[in-house]
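The structure under discussion appears below in the form of structure tokens.
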Amino acid sequence: MDKIIINGGRTLKGDVSISGSKNAALPILVSALLTDGKCTFHNVPDLRDIRSIIELLAHLGVRVERENNTVTIDASGLNNHEAPYEIVRTMRASILVLCPLVARLKKARVSLPGGCAIGARPINFHLKGLTSLGASIELEHGYVKASAKELIGNEIYFDIPTVTGTENLMMAAVLAKGETKLRNAAREPEVIALADVLTKMGAKIDGVGTSIITIKGVSALKPVTVTIIPDRIETGTFMTAAALTKGDVLIKDCEPEHVGGIILKLKLTGADIRAENNNIRARGADEIESVDIKTLPYPGFPTDMQAQFMVLMSVAKGLSMITETIFENRYIHVSELKRMGADITLSGNSAMVKGVNTLSGAPVMATDLRASASLILAGLSAKGKTEISRVYHLDRGYDAIEKKFKKLGAAIERIKD
Ligand code: EPZ
């Protein structure tokens, strides 16, 4: 397994270009299943998770071709309704094929995704929603078996505004008979991006970006050519890295509107963050102020930025309180940061972070995608050498991040193992 070695203390300077959004690309690539022609997707990031979903789509009988950051998908040959455990277990967002398969083939057999390091990650809202559209669902031998002669529009309420739950049910409702209302729907930019693609395919969707989405089913959808939106979490990660290293970084090809909350919080820490069209200039302050954060559904502070922000707070002046409200076990990075000298006390879903002068480099282990990004940030800031193992977690969601940091002046290397 590859390792990343960092010699910390460098100031990041220069410009970096943001890749396409992993969490927008995943549902959008899957949405091609809803059409029986050739869709073309530009600005698709080169990530492990994207390779996993492409492998799954090919397994379903769909023709998938990739050239650089463009992926073409022809779902006219869709002939397999089974998503096997071997593929789903590598990438739990594979559950997104469930509803499109029922919408197109009237049946699906998808392996239950199971949990991951940050939580149990149940899919009960996905299943309850699909049932209310008329599907019959059985759970057997670790698989979801779903079938429906016809999907009929209905009202669906999400107890929690689930991102992939909203995306999955949107992809069922667009081909259901009649009207569907999704209440307490997720409002993330990735949900809006998917709805934009579905609308371009001919779907009738109102209210996307609000908590109530109304969908009028149509009989068929047509193939499209679209460009994936920039990754807001990668954008937030680089803004935080600039603040952390007192650097001066121009972040290009991003969407400032999608990171408004992160920008405001970083400004409160003293960083100078300026949005200019599709670019953001982020400059770090000499002193980092402590700021409290609470993760919430969009437009709240994103849970996928909690670990990265915690690193910044670990070398800020004073005390900050971080509260994680989305996932039940998203503090695995804390023990590794404490090995680097961070002063963090956990209590339930809150972490009290007492700023220290500096972190110290150490051998650490990545455990999940965003935790591994936080360990890179910690290594960039720490005195001495940090060695991060199990970086395959990182490759799931960041496109050659060590090359991007190296271009900004970081002393960072990937060691092939
Ligand atoms: C999406 O996961 C993202 N993944 C996650 O990003 C992100 O952290 C999360 O949304 C929250 O923003 C993708 O988009 C592929 P949820 P998702 O359903 O959809 C509970 C990353 O690092 N819940 O919005 O799985 C759930 O347990 C990843 O890129 C149920 O109880 O998250 C959680 O507590 C990590 N039942 C809360 O809702 C359900 O049926 C929010 O989960 C569904 C969810």
Side-chain angles (χ1 to χ4, degrees), residues 4-20 45 230-256 258-260 262-291 305 307-317 337 340-342 355-361 370 372-388 391 394 397-415:
I4 284 183
I5 313 283
I6 302 170
N7 282 300
R10 301 282 186 92
T11 298
L12 299 186
K13 283 196 186 317
D15 57 67
V16 62
S17 185
I18 296 300
S19 302
D231 193 306
R232 63 189 168 101
I233 303 304
E234 186 186 23
T235 304
T237 303
F238 278 100
M239 285 197 288
T240 306
L244 187 64
T245 62
K246 303 178 177 43
D248 183 349
V249 177
L250 181 64
I251 299 163
K252 296 161 63 178
D253 309 318
C254 64
E255 178 44 78
H258 293 167
V259 290
I262 305 169
I263 289 175
L264 288 175
K265 283 292 181 180
L266 286 172
K267 280 181 170 175
L268 288 175
T269 71
D272 176 7
I273 314 274
R274 292 161 199 256
E276 301 148 1
N277 303 323
N278 283 106
N279 301 327
I280 291 174
R281 180 139 184 222
R283 281 179 282 190
D286 289 339
E287 289 222 312
I288 299 166
E289 301 297 329
S290 293
V291 170
M305 275 298 302
Q308 298 91 310
F309 198 82
M310 182 182 281
V311 175
L312 185 64
M313 292 299 97
S314 69
V315 288
K317 255 183 2 185
L337 294 178
M340 296 178 73
V356 296
N357 278 336
T358 176
L359 298 175
S360 58
R370 305 304 173 181
S372 44
S374 73
L375 295 177
I376 286 198
L377 295 185
L380 293 173
S381 165
K383 269 198 176 15
K385 179 175 148 186
T386 297
E387 184 175 295
I388 305 170
V391 291
L394 198 66
Y398 288 94
D399 191 350
I401 196 169
E402 74 276 1
K403 290 190 185 117
K404 292 187 176 183
F405 275 123
K406 190 166 187 168
K407 187 167 165 282
L408 291 172
I412 182 171
E413 294 297 332
R414 177 188 283 254
I415 312 292

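Numbers here simply count residues along the sequence, with the first being 1. Please read these numbers as outputs of a predicted model, since none were measured by experiment.
The shortest side-chain heavy-atom distance between Leu244 and Leu312 falls under the 4.5 Å cut-off. Here the side chains of Met340 and Thr386 are in contact, with some heavy-atom distance below 4.5 Å. Two residues are said to be in side-chain contact when any heavy atoms from C-beta on lie closer than 4.5 Å; Leu337 and Leu375 meet this criterion. Looking only at side-chain heavy atoms (C-beta outward), Met310 and Ser374 stay at 4.5 Å or farther from each other. Looking at Arg10 and Ile412, their side chains never come closer than 4.5 Å, going by heavy atoms from C-beta outward.
Between Pro256 and Ala275, the closest heavy-atom pair is CB-CB, 3.7 Å. A pairwise comparison of heavy atoms in Ile18 and Pro230 identifies CG2-CB, 4.1 Å as the closest pair. The nearest pair of heavy atoms linking Ala373 to Leu394 is N-CD1, 3.7 Å. Nearest heavy-atom pair, Ser314 versus Ala342, reported as atom, atom and distance to 0.1 Å: CB-CB, 4.0 Å. Shown here for Leu380 and Ala410, the closest heavy-atom pair between the two residues is CD2-CB, 3.5 Å. Residue Leu12 comes nearest to Ala241 through the heavy atom pair CD1-CB, 3.8 Å, listed as atom of the first residue, atom of the second, then distance.
Leu359 CG to Lys383 NZ: the interatomic distance, rounded to the nearest 0.5 Å, is 10.5 Å. In this structure, the separation between CD1 on Ile262 and OG1 on Thr240 is 7.0 Å, given to the nearest 0.5 Å. The line from CG of Asp253 to CD1 of Ile251 is 11.5 Å long, rounded to the nearest 0.5 Å. In this structure, Ile388 CD1 and Arg414 CZ are separated by 10.5 Å, a value rounded to the nearest 0.5 Å. For the atom pair CD of Glu289 and NZ of Lys317, the computed distance is 4.0 Å after rounding to the nearest 0.5 Å. We find the CD-CG distance between Glu387 and Asn7 to be 11.0 Å, quoted to the nearest 0.5 Å.
Looking only at distances, no side-chain donor or acceptor of Thr358 sits under 3.5 Å from a matching main-chain atom of Ala382. Proximity of a side-chain donor or acceptor of Asn277 to a complementary backbone N or O of Asn279 within less than 3.5 Å is not detected. At least one donor-acceptor pair under 3.5 Å links the side chain of Lys407 to the backbone N or O of Asp15. For Asn278 (side chain) and Cys254 (main-chain N/O), a donor-acceptor pair under 3.5 Å exists by modelled atom type.
Partner Thr237 forms a side-chain hydrogen bond (donor to acceptor under 3.5 Å, both in side chains) with one of Lys404, Arg370, Gln308 and no other, that one being Gln308. Between Phe405 and the options Leu377, Ile4, Thr245, a side chain to side chain contact (heavy atoms under 4.5 Å, CB included) holds for only Leu377. Checked options Ile273, Thr235, Leu266; the residue passing with Val259 is Thr235 (criterion: side chain to side chain contact (heavy atoms under 4.5 Å, CB included)).
Under the rule for a ring-ring contact (aromatic ring centres under 6.0 Å, His included), the partners of Phe309 that lie at least two apart in sequence or sit in another chain are Phe301.
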Please determine whether side-chain contact (heavy atoms from CB on, under 4.5 Å) holds for the pair Val249 and Met239, giving the CA-CA distance in whole Å, both sets of side-chain angles, and the decisive distance to 0.1 Å. CA-CA 8 Å; Val249 177; Met239 285 197 288; over 6 Å; no
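Around atom NZ of Lys403, no more than 12 heavy atoms belonging to other residues, nucleotides or ligands sit under 6.0 Å away. Annotation for Lys246: atom NZ counts as buried by contact number, over 12 foreign heavy atoms lying within 6.0 Å.
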